[in-house]
> 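Can you read through this structure? Questions will come right after.
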Amino acid sequence: MEKEKVVLVARKAPRQDEERFHSSLEELQSLTETAGGEVCEVIVQNREHIHPATYLGEGKLEEIKFSADETEAEIVIFNDELSPGQLRNISDRVERRVIDRSQLILDIFASRARTKEGKLQVELAQLQYLLPRLSGQGTELSRLGGGIGTRGPGETKLETDRRHIQRRIDDIKRRLKTVVKQREQYRKRRDENYAFQIAIVGYTNAGKSTFFNRLTSSDSFEENLLFATLDPLTRQISLPSGFQALLSDTVGFIQDLPTTLIAAFRSTLEEVTEADFILHLVDASHPDHVEQEKTVNRLLDDLEASHLPKLTVYNKMDLISDVFIPSVHPSIKASVKDPIDIKRITNKIESVLTEEWEHYHAFIEASSGKQLQQLKNHSIVTRIRFMEDQEGYAVEGYIHPEHPLKSSLLR
């Protein structure tokens with residue numbers, strides 16, 4: 001498939017942090033490539049205030065048009081969210097299709113969603129984004145489905161569609177409510193079975209799906225692209241001691257994620273808030289890994305999940321030749337493509353849990369095989385001895401302070 005040629009545009013405020021600005025611009029380039037575009041030119045304007053009507057000044061818009069003409073670019077992508085009026089005015093000046101960062105991310109989400117729920121979530125976010133911008137799009141809507149920033153809701157005509165879109169939004173919201181109820185029932189069952197939940201979080205493209213696949217022998221989508229995973233996947237795993245846990249892969253976090261998307265992917269992010277343990281993967285080889293780590297931690301704060309036990313995995317160490325010093329504790333340096341490192345990570349998860357949990361001693365009679373199995377599955381057993389004279393097992397280990405087994409078996 002032929003790639004669409006793109007001109008990227010960004011405004012830099014005088015006091016904006018230089019590194020953060022460049023990392024955001026590089027991210028926009030990666031997002032464009034993930035969406036199937038080819039970046040021909042990057043245009044930056046240093047400007048104190050946003051122009052309310054055209055975002056940038058007239059002279060800069062002329063430069064953008066000239067550059068797009070020269071490179072035969074069909075599309076101009078802005079690194080900020082544009083208002084409906086700005087979109088319309090810029091499009092008139094540069095005589096090209098103009099989209100912003102939010103629309104680009106929505107577009108990638110649309111092409112990545114796999115489950116029925118994921119597709120509904122994306123469509124809802126796209127329609128909510130599109131509704132106030134309808135009049136600004138004009139004839140462009142007739143080619144929805146054609147290229148970058150146009151995947152998703154499908155073709156539509158103008159004013160009659162305002163009502164049609166509103167009806168569709170209401171319909172999707174109704175259907176999503178049903179999905180939420182189903183998930184709540186699943187969660188309730190999971191809680192009744194005292195399943196321990198580990199959520200893998202991290203910046204997009206940190207290696208979460210690779211880790212998930214290696215540990216669960218699963219085949220979730222794994223590619224060197226931004227947002228390879230959108231729909232939450234959960235599989236059961238067994239840690240080295242025999243402790244059983246559920247592992248969930250989640251959507252990649254990103255700087256300046258559009259608010260419509262945070263709302264749309266509440267379901268994926270809920271896996272994080274409902275988790276008992278967080279595994280935070282960081283791409284240690286990325287030049288901006290410190291800022292990426294901060295972004296994820298900020299979002300965990302927003303989700304009220306920062307109090308949960310957490311292990312930070314500094315991934316892709318095989319790509320680093322310099323000395324790397326972790327910035328948080330507890331953490332581990334690894335490459336999730338290495339089977340030995342996968343084992344080291346699972347051992348480290350258990351050692352972090354033993355610090356959080358309560359130590360116990362228990363005696364299980366030889367005839368109570370089921371109870372012994374329960375302890376192995378639901379706690380971290382560190383030692384088992386068969387006591388011949390007492391005809392039973394002396395078991396030692398660590399257990400979650402609130403686990404019901406504590407009161408029933410460990411009196």
> Restricting to non-hydrogen atoms, name the atom on Ser248 and the atom on Gln197 that form the minimum distance, rounded to 0.1 Å.
OG-NE2, 2.6 Å
> Aromatic ring centroids of Tyr55 and Phe78 under 6.0 Å?
yes
> Go through the steps for Asn89 and Thr54 under the test side chain to side chain donor-acceptor pair (under 3.5 Å), then give the verdict.
CA-CA 6 Å; Asn89 295 332; Thr54 53; over 6 Å; no
> How many angstroms lie between CG in Asp80 and CD in Gln86, if you round to the nearest 0.5 Å?
9.0 Å
> How are the rings of His378 and His403 set relative to one another: parallel (under 30°), tilted (30 to 60°) or perpendicular (over 60°)?
tilted
> State whether the side chain of Ser331 and the backbone N or O of Ser327 hold a donor-acceptor pair below 3.5 Å, judged by distance alone.
no
> Which atom pair, heavy atoms only, marks the closest approach of Glu81 to Ser102?
OE1-OG, 2.6 Å
> A quick test of your reading: do over 12 heavy atoms of other residues, nucleotides or ligands sit less than 6.0 Å from CD of Glu402?
no
> At what distance, to the nearest 0.5 angstrom, does CG of Leu106 lie from CD of Gln128?
10.0 Å
> So does Ile364 get a backbone contact from the side chain of Ser368, meaning a donor-acceptor N/O pair under 3.5 Å?
no
> Under the side-chain hydrogen bond (donor to acceptor under 3.5 Å, both in side chains) rule, what pairs show up with a residue in residues 343-355, not counting sequence neighbours?
Ser241-Glu350, Asp341-Arg344
> Are any non-hydrogen side-chain atoms of Val6 and Val76 less than 4.5 angstrom apart?
no
> With heavy-atom distances below 4.5 Å as the criterion, would you say the side chains of Leu8 and Gln29 are in contact?
yes
> Kindly indicate, with the supporting measurements, whether the criterion side chain to side chain donor-acceptor pair (under 3.5 Å) is fulfilled by Asn79 and Lys12.
CA-CA 10 Å; Asn79 195 27; Lys12 186 182 181 303; over 6 Å; no
> Between Lys376 and Gln373, is there a side-chain heavy-atom distance shorter than 4.5 Å?
yes
> Can you find a heavy atom in the side chain of Leu279 that is under 4.5 Å from one in the side chain of Val201?
no
> Apply side chain to side chain contact (heavy atoms under 4.5 Å, CB included) to Glu63 and list each qualifying residue two or more places apart in sequence or on a separate chain.
Ile43, Lys60
> Taking the side chain as every heavy atom from C-beta outward, state whether Ser335 and Lys316 have any atom pair closer than 4.5 Å.
no
> Give the minimum heavy-atom separation between His51 and Arg47, together with the two atoms involved.
CB-NH2, 3.5 Å
> Taking the side chain as every heavy atom from C-beta outward, state whether Leu25 and Val44 have any pair of such atoms under 4.5 Å apart.
yes
> Is Arg168 paired with Asp171 through a side-chain N to carboxylate O contact shorter than 4.0 Å?
yes
> Roughly how far apart are His286 NE2 and Glu291 CD, rounded to 0.5 Å?
11.5 Å
> Yes or no on side chain to side chain donor-acceptor pair (under 3.5 Å) for Asp107 and Gln103, after CA distance, side-chain angles and deciding distance?
CA-CA 6 Å; Asp107 184 65; Gln103 203 173 343; over 6 Å; no
> Less than 3.5 Å apart, which donor and acceptor atoms pair up between the side chains of residues 382-390 and the rest of the protein, not counting sequence neighbours?
unit_1	atom_1	unit_2	atom_2	d
Thr382	OG1	Glu396	O	3.2

> Look only at the side chain of Arg96 and the backbone of Val94, and say whether a donor-acceptor pair between them is shorter than 3.5 Å.
yes
> So, applying side-chain contact (heavy atoms from CB on, under 4.5 Å) with Asn315, which one of Leu281, Thr210, Val282, Ile345 is it?
Leu281
> Which heavy-atom pair separates Val336 from Gly207 by the least distance, and what is that distance?
CG2-O, 3.9 Å
> Could you tell me which non-hydrogen atom of Ala366 sits nearest to which non-hydrogen atom of Tyr393, and how far apart they are?
CA-CE1, 4.0 Å
> Salt bridge or not for Glu74 and Lys3, using N-O below 4.0 Å?
no
> Does Asp100 reach the main-chain N or O of Leu82 with its side chain, forming a donor-acceptor pair under 3.5 Å?
yes
> Tell me whether Glu391 at atom CD has more than 12 heavy atoms from other residues, nucleotides or ligands lying less than 6.0 Å away.
no
> Before accepting this row, confirm whether a basic side-chain N of the pair Lys208/Asp249 lies closer than 4.0 Å to the acidic partner's carboxylate O.
no
> Could you check Ile198 against Leu246 for side-chain contact (heavy atoms from CB on, under 4.5 Å), going step by step and ending with a plain yes or no?
CA-CA 6 Å; Ile198 299 172; Leu246 292 175; over 6 Å; no
> Measuring from atom CG of Leu176 to atom CD of Glu123, what distance do you get when rounded to the nearest 0.5 angstrom?
10.0 Å
> Look at Arg101 together with Glu27 and state whether they make a salt bridge at an N to O cut-off of under 4.0 Å.
yes
> Begin with the C-alpha distance, continue with both residues' side-chain angles, and end with the deciding distance and a verdict on side-chain contact (heavy atoms from CB on, under 4.5 Å) for Ile169 and Gln166.
CA-CA 5 Å; Ile169 286 174; Gln166 193 53 61; 4.1 Å; yes
> Starting from the C-alpha separation in whole Å, work towards a yes-or-no answer on side-chain contact (heavy atoms from CB on, under 4.5 Å) for His280 and Val296.
CA-CA 8 Å; His280 177 183; Val296 174; 3.6 Å; yes
> Take atom CD in Gln16; do more than 12 heavy atoms of anything else shown fall under 6.0 Å from it?
yes
> Under 4.5 Å between any side-chain heavy atoms of Phe212 and Ile237, yes or no?
no
> Of the options Phe277, Trp357, Tyr398, which is the one that meets Phe243 in a ring pair (Phe, Tyr, Trp, His ring centres under 6.0 Å)?
Trp357
> Please test Glu26 against His22 for side chain to side chain donor-acceptor pair (under 3.5 Å), starting from the C-alpha separation and ending with a verdict.
CA-CA 6 Å; Glu26 277 171 24; His22 284 296; 6.0 Å; no
> Would the distance check show the side chain of Gln244 and the main-chain N or O of Gly242 forming a donor-acceptor pair, the cut-off being under 3.5 Å?
yes
> To check you understand the geometry: which heavy-atom pair defines the closest contact between Met317 and Ala284, and what is its length?
SD-CB, 3.9 Å
> For Val328 and Tyr314, run side-chain contact (heavy atoms from CB on, under 4.5 Å): C-alpha distance rounded to whole Å, both residues' side-chain angles, the deciding distance at 0.1 Å, then the answer.
CA-CA 10 Å; Val328 295; Tyr314 291 102; 3.4 Å; yes
> Could you measure the distance from the OG atom of Ser379 to the CD atom of Gln374? Nearest 0.5 Å is fine.
10.5 Å
> I'd like to check Ile64 versus Leu61 (side-chain heavy atoms, cut-off strictly below 4.5 Å). Are they in contact?
yes
> If we ignore hydrogens and angles and just use 3.5 Å, is the side chain of Thr71 paired with the main-chain N or O of Ser67 as donor and acceptor?
yes
> If you measure from CD1 on Ile99 to CD1 on Ile75, what distance do you get to the nearest 0.5 Å?
4.0 Å
